[in-house]
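Worksheet: the structure to be examined is printed underneath.
Note on naming: letters A, B, ... go to the chains in the order of the sequence lines (proteins, then strands), and numbering restarts at 1 for each one.
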Amino acid sequence: MSSHSDLLAAQIQAAISHAIERGDLIGTVPSSIPLERPKNRDHGDYASSIALQLAKPAGKNPHEVAELLKKVLEKLAEVASVDIAGPGFINIKLNRASQADLVRTILSAKESYGKGTALAGVKINLEFISANPTGPLHLGHTRWAAVGDALGRVLSAAGADVVREFYINDRGNQMDLFGQSVQAAALGQPIPEDGYQGEYIADLAKEILAENPEITKLDVEPRLIAFREAAYKLQLKDQQRVLDTFNTHFDVWFSERSLHDGGKVEHGLDKLRAQGHVFELDGATWLRTTDFGDDKDRVLVKANGDLTYFSSDTAYYINKRERGFDICIYMLGADHHGYIHRLKATAACAGDDPEYNVHVLIGQLVKIMEGGEEVKLSKRAGTIITLEELVEKVGVDAARYTLIRYPVDTPMVMDLDILKRNTNENPVYYVQYAHARIAAVLRNAAELNIASGLDNFDPAQLSHDRENELLGSLAEFPRIVASAAELREPHRIARYLEELAGVYHGFYADCRVLPMGDEPATALHSARLNLCAATLQVLKNGLLLLGVNALERM
RNA sequence: GCGCCUGUAGCUCAGUCGGAUAGAGCACUCGCCUUCUAAGCGAGUUGUCGCUGGUUCGAUUCCAGCCAGGCGCACCA
């Protein structure tokens with residue numbers, strides 16, 4: 001069953017097309033009809049500004065155009081009334097019983113309500129976090145851990161075939177430095193000047209020594225490698241463990257080394273050469289990314305023969321495409337925004353369409369407030385906040401939800417004091433509370449043996465303004481999911497859930513669901529119970545998309 | 001200098017194809033628990049949508065130029 005908005009849009013399109021055929025209207029049929037749910041309830045359940053847009057090319061007064069469409073819309077069984085307001089807005093009120101039929105749709109679809117097919121058949125590689133395995137995940141990674149995971153869920157809901165991937169930067173100087181640092185800690189030597197500091201280095205050293213006491217007896221070179229590899233293994237395992245507790249899961253952990261060991265970098269270079277954008281200069285090998293909007297060309301192979309990090313990036317991109325991904329989404333920190341041009345240019349150099357095949361999301365910084373003051377984050381001062389510490393302070397649900405509810409391209413401030421509060425100030429509780437509240441009503445109804453289920457559902461019972469408003473919000477969910485997927489903006493789900501929770505609380509205050517005292521249960525009670533069950537389902541589906549728990553009790 | 005992001009209520013922030021009186025939470029004032037979770041609901045107050053132009057029936061939204069803040073501009077990783 002298609003939604004009312006789809007139905008109305010189709011009907012308006014058909015009406016316009018007829019009017020043009022009859023010569024009542026001049027112009028073309030618009031491909032999409034603007035149809036919105038007005039903020040002001042007096043403006044009906046749906047409103048369209050289509051008449052204003054059609055008026056000019058038709059050389060007509062917007063009111064005349066609106067009248068034309070009104071006549072057609074009024075005949076629909078689902079439509080209760082049509083009004084023309086202001087400069088030519090068409091305000092449509094739906095037949096309430098027909099609108100209430102949505103409850104049936106939701107309760108039949110269950111967890112699939114909200115899912116769509118907009119991205120069906122599209123293979124998406126979603127890469128996020130991709131931290132060095134040289135330390136614990138910190139605040140910056142945490143934003144991506146929450147948003148990236150939620151985006152993966154949202155894209156899947158839109159029908160995409162999503163693979164979440166973590167690129168492990170396990171190659172290069174940083175890894176060696178990491179190994180040296182851990183070794184120094186193990187041998188009781190000072191940590192190198194530009195090495196890794198922090199307690200975790202000492203912890204790693206201790207663990208490695210406990211596991212393999214013989215390690216110190218190795219020759220200098222193999223010993224360093226042994227320390228590096230052992231520390232790498234432990235640190236990676238630790239990152240995986242922490243992400244697991246954060247409810248963020250990856251399908252693929254992709255090692256940078258595997259690109260090199262498997263000859264994939266050379267393969268990528270060959271492919272780029274074949275496309276004709278590779279050149280030699282000053283003894284180095286370059287990719288002419290300036291052909292496609294980058295501000296300078298990039299070195300692939302240094303004059304000394306070493307491969308650059310950029311060469312790994314390009315090979316990795318080519319590898320992703322060869323694994324069959326249509327769209328590669330990169331989620332990067334604000335300090336990496338300079339990569340956008342070169343990533344897109346790389347795709348173009350490989351013969352791809354950078355506008356379609358590559359999508360880069362830039363996440364702005366997260367500031368932390370505690371005790372009314374900004375917490376200064378500094379590696380040197382040891383005041384870095386790790387993902388694990390954040391979760392210890394505020395819990396997984398509050399941390400995830402807060403990080404997700406803002407668009408990623410805006411800097412955000414996390415106030416830890418607010419996140420610890422269980423009040424309205426903390427939106428995650430507001431939404432979870434609505435869910436728990438409904439769960440309580442349903443439990444009580446079961447105890448009272450009130451007839452529920454769709455066999456006992458009469459949509460005509462739901463005629464209260466609050467019920468109507470709630471139905472309207474529930475109807476929006478599929479649209480919200482679709483736009484969140486299309487725009488890669490999971491925060492829209494969170495904002496929607498807050499609105500839905502608010503609408504439910506309003507309904508709850510004005511519409512008694514269960515019979516009072518000895519009052520007999522009526523068809524109205526059953527209908528409202530079903531409406532509650534439908535709301536519960538949508539809240540649950542939405543929270544699941546965010547990876548936040550839908551609590552039965554609070 | 002070049003590039004990316006941001007500028008909306010006292011605070012933290014929503015507001016995708018341009019639409020009707022610009023929203024939410026907090027803060028402040030006042031009401032609502034003798035029956036479903038008051039972690040809730042309702043009412044009131046709060047704005048030069050950074051500035052200046054342009055596009056048009058109509059601009060917080062699109063375009064240009066400025067101002068302010070954040071972050072980047074390696075044969076580093």
Quiz item: What nucleic acid atoms does A:A445 come within less than 4.0 Å of, heavy atoms only: base, sugar-phosphate, or nothing?
Solution: nothing
Quiz prompt | A:R228 to A:F178, cation-pi by 6.0 Å centre distance and 45° axis angle | solution = no
Quiz item: Which is true for A:A439 with a 4.0 Å heavy-atom rule: it touches a base, it touches only sugar-phosphate, or it touches nothing?
Solution: nothing
Quiz item: How would you label the contact of A:R443 with the nucleic acid (heavy atoms, under 4.0 Å): base, sugar-phosphate, or nothing?
Solution: base
Quiz item: Paired with B:U12: which nucleotide, if any, by Watson-Crick or G-U wobble criteria at under 3.5 Å for both distances?
Solution: B:A24
Self-check item: Whole-Å gap separating P (B:G42) and CG (A:D465)
Solution: 13 Å
Quiz item: On a whole-Å scale, what distance lies between the C1' atoms belonging to B:U34 and B:C30?
Solution: 24 Å
Quiz item: So what does A:M412 hit on the nucleic acid, given a heavy-atom distance under 4.0 Å: a base, only sugar-phosphate, or nothing?
Solution: sugar-phosphate
Exercise. Please report, rounded to the nearest Å, how far the P atom of B:G40 is from the CZ atom of A:R437.
Key: 8 Å
Quiz item: Across the strands shown, which category fits A:E552 at heavy-atom distances under 4.0 angstrom: base, sugar-phosphate, nothing?
Solution: base
Practice problem: Looking at every strand, decide which applies to A:G172 at a 4.0 Å heavy-atom threshold: base, sugar-phosphate, or nothing. | Solution: sugar-phosphate
Quiz item: Can a donor-acceptor pair be found between the side chains of A:H341 and A:D294 at a distance below 3.5 Å?
Solution: no
Quiz item: Contact class for A:T410 (heavy atom, under 4.0 Å): base, sugar-phosphate, or nothing?
Solution: sugar-phosphate
Exercise. Just call it for A:R553: base, sugar-phosphate, or nothing, with non-hydrogen atoms closer than 4.0 Å on any strand.
Key: base
Quiz item: Has the side chain of A:T289 got a donor or acceptor atom that lies under 3.5 Å from a matching backbone atom of A:K296?
Solution: yes
Practice problem: Provide the distance between the two P atoms, one in B:C11 and one in B:C5, to the nearest whole Å. | Solution: 25 Å
Quiz item: Starting at OH of A:Y339 and ending at P of B:C76, how long is that distance when rounded to a whole Å?
Solution: 12 Å
Quiz item: How close do A:I438 and A:L539 get, heavy atom to heavy atom, and via which atoms?
Solution: CD1-CD1, 3.9 Å
Quiz item: Hey, are A:R257 and A:E229 close enough for a salt bridge, meaning a charged N less than 4.0 Å from a carboxylate O?
Solution: yes
Practice problem: Could you tell me the separation between the CG atom of A:N449 and the P atom of B:C36, rounded to a whole number of Å? | Solution: 19 Å
Self-check item: Sugar-phosphate only, base, or nothing, as touched by A:A436 at under 4.0 Å among non-hydrogen atoms
Solution: base
Quiz prompt | Proximity of A:Y339 and A:H336 rings by center, below 6.0 Å | solution = yes
Quiz item: Out of B:C76, B:C5, B:G19, which nucleotide sits closest to the side chain of A:N173?
Solution: B:C76
Quiz item: Which part of the nucleic acid does A:P407 contact within heavy-atom distance under 4.0 Å: base, sugar-phosphate only, or nothing?
Solution: sugar-phosphate
Self-check item: Interatomic distance, A:E486 CD vs B:C17 P [rounded to whole Å]
Solution: 12 Å
Quiz item: Considering only side-chain heavy atoms of A:L365, which listed nucleotide, B:U6, B:A77, B:G70, is closest?
Solution: B:G70
Quiz prompt | Side chain of A:Q174 (C-beta onward), nearest among B:C71, B:G19, B:A77 | solution = B:A77
Self-check item: Pair partner, B:U35 [Watson-Crick or wobble, under 3.5 Å]
Solution: none
Quiz item: Checking all strands, does A:D282 fall into the base, sugar-phosphate, or nothing category for heavy-atom contacts under 4.0 angstrom?
Solution: base
Practice problem: Report the nucleotide, chosen from B:A39, B:A20, B:C36, that has the shortest atom-to-atom distance to any side-chain atom of A:Y433. | Solution: B:A39
Exercise. Give A:V513 one of three labels, base, sugar-phosphate or nothing, depending on what nucleic acid heavy atoms sit under 4.0 Å from its own.
Key: base
Exercise. Quote, to the nearest angstrom, the C1' distance that separates B:C62 from B:G15.
Key: 16 Å
Quiz item: Which of the following nucleotides, B:U12, B:U16, B:A20, is nearest to the side chain of A:R492?
Solution: B:U16
Quiz item: How long is the line joining NZ of A:K296 and P of B:C73, in whole Å?
Solution: 9 Å
Practice problem: Using a cut-off of 6.0 Å, state whether more than 12 heavy atoms not belonging to A:K393 lie near its atom NZ. | Solution: no
Quiz item: If you measure from the C1' atom in B:A20 to the same atom in B:C4, how many Å do you get, rounded?
Solution: 36 Å
Quiz item: OP1 or OP2 of B:C76 less than 4.0 angstrom from a side-chain nitrogen or oxygen of A:K302, does that happen here?
Solution: yes
Exercise. Using both distances under 3.5 Å as the test, list the Watson-Crick or G-U wobble partner of B:G7, or none.
Key: B:C67
Quiz prompt | Anti/syn call for B:C33, syn if |chi| within 90° | solution = syn
Practice problem: Check whether any side-chain N or O of A:S181 sits under 3.5 Å from a backbone N or O of A:I191 as a donor-acceptor pair, and report yes or no. | Solution: no
Practice problem: Have a look at A:R466 and say if it touches a base, only the backbone sugar-phosphate, or nothing, with a 4.0 Å heavy-atom cut-off. | Solution: sugar-phosphate
Quiz item: Under 4.0 Å between a side-chain N/O of A:H336 and OP1 or OP2 of B:C73, yes or no?
Solution: no
Quiz item: Are A:Y508 and the base of B:G40 stacked, counting only ring centres nearer than 5.5 Å and planes tilted under 30°?
Solution: no
Quiz item: Between A:S483 and A:D313, who's closer to the 5' end of RNA chain B by nearest nucleotide?
Solution: A:S483
Exercise. Hey, which sits more toward the 5' end of RNA chain B by its nearest nucleotide, A:I362 or A:R342?
Key: A:I362
Self-check item: Residue A:T308, side-chain atoms from C-beta onward, closest of B:A20, B:C75, B:C36
Solution: B:C75
Self-check item: Sugar-phosphate only, base, or nothing, as touched by A:D335 at under 4.0 Å among non-hydrogen atoms
Solution: sugar-phosphate
Quiz item: Whole Å only: how far is the CZ atom of A:F89 from the P atom of B:U21?
Solution: 8 Å
Practice problem: Nearest whole angstrom, please: distance from the P of B:G15 to the CG of A:L487. | Solution: 10 Å
Self-check item: Integer angstrom distance from the P of B:U48 to that of B:U8
Solution: 11 Å
Quiz item: In whole Å, what separates the C1' atom of B:A22 from that of B:C13?
Solution: 14 Å
Quiz item: Counting side-chain heavy atoms from CB outward, which of B:A14, B:C41, B:C36 is closest to A:H505?
Solution: B:C41
Self-check item: C1' gap between B:C51 and B:G69, integer Å
Solution: 15 Å
Quiz item: Ignoring hydrogens and angles, does a donor from either the side chain of A:D170 or the base of B:A77 sit under 3.5 Å from an acceptor on the other?
Solution: no
Quiz prompt | Inter-nucleotide P distance (B:C49, B:G42), Å rounded | solution = 28 Å
Quiz item: Which listed nucleotide (B:U35, B:C75, B:A14) is nearest to the side chain of A:R512?
Solution: B:U35
Exercise. May I ask you to verify if any side-chain N or O of A:N444 is less than 4.0 angstrom from the OP1 or OP2 atom of B:U37?
Key: yes
Quiz item: Can you check whether A:F254 and A:F166 have ring centres sitting under 6.0 Å from each other?
Solution: no
Quiz prompt | A:Y504 six-ring centre to A:R437 NZ/CZ under 6.0 Å and within 45° of normal | solution = no
